[in-house]
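As a basis for the values below, the full set of heavy atoms in this structure was taken, side chains included, without hydrogen atoms, waters or symmetry mates. Predicted model, so just to flag it, every value in this text is computed and none were measured. Numbers here simply count residues along the sequence, with the first being 1.
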Amino acid sequence: MNSDVKFKYESRPQTKLCIDGAEPIRKVMYRHISMEELRKEFHQKNTGHPRVLATSGDFEDIIARIKTDARTKKFFDEVVREAEELLQTQPPQTPERHLSTERLKNFCLVYRLTKEERFANRAWQEMERMCSFQTWSPTEKLDMGYILKGMAIGYDWLFDFLSCEQREIVRTAILDKALLPERKVYQNPYEEGVDAHYILQNTNHNVSINCGLMMAAAALFDECEEVCSEIIESALWALENYLPEFLEYGAGKEGVYYWYWPMESTNEIMGTLRATFGTDYGISCTSGIEKTGYFPIYMTGATGMAFNWGNGLPQMYISADLFHLAKILNKPELCKLRLKAMEKYDITAKAYDLLWYSPCGYDLSELPKDGYFQRTESVGMCSDWDNKNALSVCFKGGFNSEVHGSLNTGSFVLDALGERWAWLIGQESYDVPGYWDYSENGQRWTYYRMRAEGQNAMVLNPSNHPDQYPLAYSKIEKFESKPHASFAIIDATPAFSNDETVASAKRGFYMLDNRQKIMIQDEIQAQNADYWWFMQTKATIEIVADGKTAVLEQNGKKMMVFLRSNVPAGFQVLDAKPLPMCPNPPENSPNDEVKKLTVHIPKANDITVSLVFVPLTDRIDIGRIPTLKTMDTWHIL
């Protein structure tokens with residue numbers, strides 16, 4: 001490959017990544033490898049099949065552990081049970097990227113471990129159907145990336161089962177539908193009309209598409225060495241446009257939902273490179289990767305639902321990726337954290353759980369109850385790791401206009417008593433007009449779910465314009481964590497830097513009284529600002545007569561909320577829809593499932609507003625509501 005190709009890391013745009021005090025990303029990630037070196041190391045390792053994600057030795061280890069380790073046997077039984085159920089369904093009728101890949105992983109893994117040909121036969125039926133489709137990119141190239149993962153696993157793990165004719169069908173499809181056309185894209189990424197976004201850009205598409213291409217190239221390597229070595233060399237170069245930023249400080253820049261997909265792809269890349277070439281070329285040493293397994297832990301509330309900022313969904317993403325990271329990074333606590341999540345929330349094992357799990361021993365009692373991640377400026381706090389009825393809060397500052405971002409500086413979710421009390425209602429439809437326009441006055445910011453009023457965030461002077469500054473970057477200015485209490489303070493002033501009436505805006509979160517209460521406090525310095533505090537909830541809301549106490553109730557459980565402020569203020573209940581002065585495009589989704597607990601202070605100057613959340617249990621002394629103090633006095637004894 002031409003070493004002068006310009007898509008190498010230097011071409012990545014850096015302007016947005018360095019605004020408002022955010023540190024620039026380091027450029028050097030891992031050892032660069034040439035086509036010639038790849039071929040040499042492949043032959044030195046004398047790699048046969050399987051070599052995508054795992055070797056025959058890896059499968060033999062699992063088979064041995066099924067006989068000796070109860071948890072491995074449990075995982076095996078659950079994966080086999082899923083395969084049995086899938087046998088009763090029809091193969092996919094369209095090239096559905098996740099469905100087809102997940103099914104092939106399951107069928108092929110069960111065949112490798114049991115040698116029962118009915119699973120291999122069914123995998124072949126699915127692969128043959130996939131080969132018959134005209135394209136593997138029915139909607140976008142991301143489809144192709146994920147489909148390639150499944151096809152690479154099927155070709156590699158079933159290599160000895162497939163006939164020469166069947167291999168030829170699959171090999172030809174992989175080459176014609178993916179490797180050969182994308183080889184040309186790698187060679188000429190700037191050519192007019194070429195879709196090279198997965199090479200040049202720093203979104204999750206980069207790692208997922210390059211991963212699929214690399215897994216497929218590894219599967220066919222000894223049969224098409226020139227093409228496959230060029231694909232892998234090119235993909236490794238392209239990954240430098242994404243992985244350093246994705247892994248920096250361990251946080252997923254697009255939120256925990258979009259941490260999960262690229263993290264899985266990163267693990268698949270490392271696993272495939274190690275099995276094929278004996279090394280992952282330093283990807284496992286990338287700065288931040290040693291922390292990234294903790295990100296979904298702290299960005300998950302006590303109920304097991306994620307803090308779903310970044311176009312995310314509230315489902316759990318404490319995934320099998322932690323098993324793989326535990327193994328390659330020698331971090332048994334990550335293995336234990338995945339096991340804890342599976343046990344606490346009754347999660348059934350999937351193929352990668354069985355493939356990547358190794359027995360581990362670790363005491364989680366010393367694990368901090370709070371985690372802070374730079375760049376995303378996100379924090380998670382919890383009262384108890386072992387109890388899904390615990391009190392927890394997750395919140396963030398960071399970039400407003402990050403990929404998949406919203407105007408959400410200061411946004412949070414709050415769990416207690418096994419319920420989520422503060423909800424993020426999530427993404428708007430990806431197909432609404434202008435949804436991907438992240439510019440300062442982009443159409444994205446007209447949609448309620450993308451605006452601060454549609455988040456659990458503060459709003460100042462709402463109007464027809466964006467209700468926080470889209471290009472803002474807000475940092476955590478102070479974070480303290482001790483066993484009995486913790487707090488963090490966000491300097492949210494950049495989120496209102498386009499508003500001359502706002503001099504300063506801060507939001508603090510304090511878990512206090514031996515982690516039995518949460519206080520959320522705003523401090524604003526402004527001139528006659530129109531201040532709004534919002535929290536979306538599915539609970540019923542009762543405002544007590546004084547207007548400064550709210551009782552939230554859902555599923556027979558109650559949460560008290562107490563309001564303290566240095567100026568007159570009281571609670572209101574509003575529908576989850578735009579304020580009258582804000583944009584309300586017809587494409588806005590209805591949000592009938594939630595209401596908004598609201599505090600509104602018109603003509604605010606120097607104000608301090610504090611809300612204390614107290615879950616009602618027999619152990620809580622409701623009378624101990626802290627007095628109003630400014631955040632510069634906050635400290636933990």
field: Parallel, tilted or perpendicular: ring planes of Tyr155 versus Phe159, cut at 30 and 60 degrees
entry: perpendicular

| query | Under 30°, 30 to 60°, or over 60°: which ring-plane class applies to Trp261 and Tyr257, parallel, tilted or perpendicular? | reply |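 The rings of Trp261 and Tyr257 stand perpendicular, inter-plane angle above 60°.
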
Separation of [Y] [atom2] from [X] [atom1] (nearest 0.5 Å):
{"X": "Trp385", "Y": "Ser392", "atom1": "CH2", "atom2": "OG", "result": "9.5 Å"}
{"X": "Ser100", "Y": "Arg129", "atom1": "OG", "atom2": "CZ", "result": "12.0 Å"}
{"X": "Asp353", "Y": "Asp321", "atom1": "CG", "atom2": "CG", "result": "9.5 Å"}
{"X": "Met263", "Y": "Ser208", "atom1": "CE", "atom2": "OG", "result": "11.0 Å"}

Check your understanding: So Glu78 and Lys74, salt bridge (Lys or Arg N to Asp or Glu O under 4.0 Å) or not? Walk me through it.
Key -> CA-CA 6 Å; Glu78 291 172 346; Lys74 178 178 182 293; 2.6 Å; yes

Should the pair Lys115 and Tyr111 be classed as cation-pi, given the thresholds of under 6.0 Å to the six-membered ring centre and 45° from the axis? yes

### Task
Using the ring of Phe373 (Phe, Tyr or Trp, six-membered ring only), decide whether Lys291 places NZ or CZ under 6.0 Å from its centre and within 45 degrees of its axis.
no

Basic-acidic side-chain contact under 4.0 Å: [X], [Y]:
{"X": "Lys350", "Y": "Glu82", "result": "yes"}
{"X": "Arg51", "Y": "Asp222", "result": "yes"}
{"X": "Arg171", "Y": "Glu168", "result": "yes"}
{"X": "Glu140", "Y": "Arg97", "result": "yes"}

Flag, side chain of [X] to backbone of [Y], donor-acceptor distance under 3.5 Å:
{"X": "Asn206", "Y": "Gln201", "answer": "yes"}
{"X": "Trp136", "Y": "Ile174", "answer": "no"}
{"X": "Asp370", "Y": "Val379", "answer": "no"}
{"X": "Lys141", "Y": "Tyr198", "answer": "no"}

Taking ring pair (Phe, Tyr, Trp, His ring centres under 6.0 Å) as the cut-off, I'd like each qualifying pair that reaches into residues 68-96, sequence neighbours left out, listed once.
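Counting only pairs at least two positions apart or across chains, the ring pair (Phe, Tyr, Trp, His ring centres under 6.0 Å) contacts touching residues 68-96 are Phe75-Tyr357.
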
Which of Leu104, Thr101, Ile147 passes side-chain contact (heavy atoms from CB on, under 4.5 Å) with Met130? Answer is Ile147

So that I know where these two stand, are Phe399 and Tyr438 an aromatic pair - ring centroids less than 6.0 Å apart?
no

message: Would you say the ring centers of Trp124 and Phe161 fall short of 6.0 Å from each other?
response: no

With sequence neighbours left out, the residues meeting ring pair (Phe, Tyr, Trp, His ring centres under 6.0 Å) with Tyr372 are Phe479

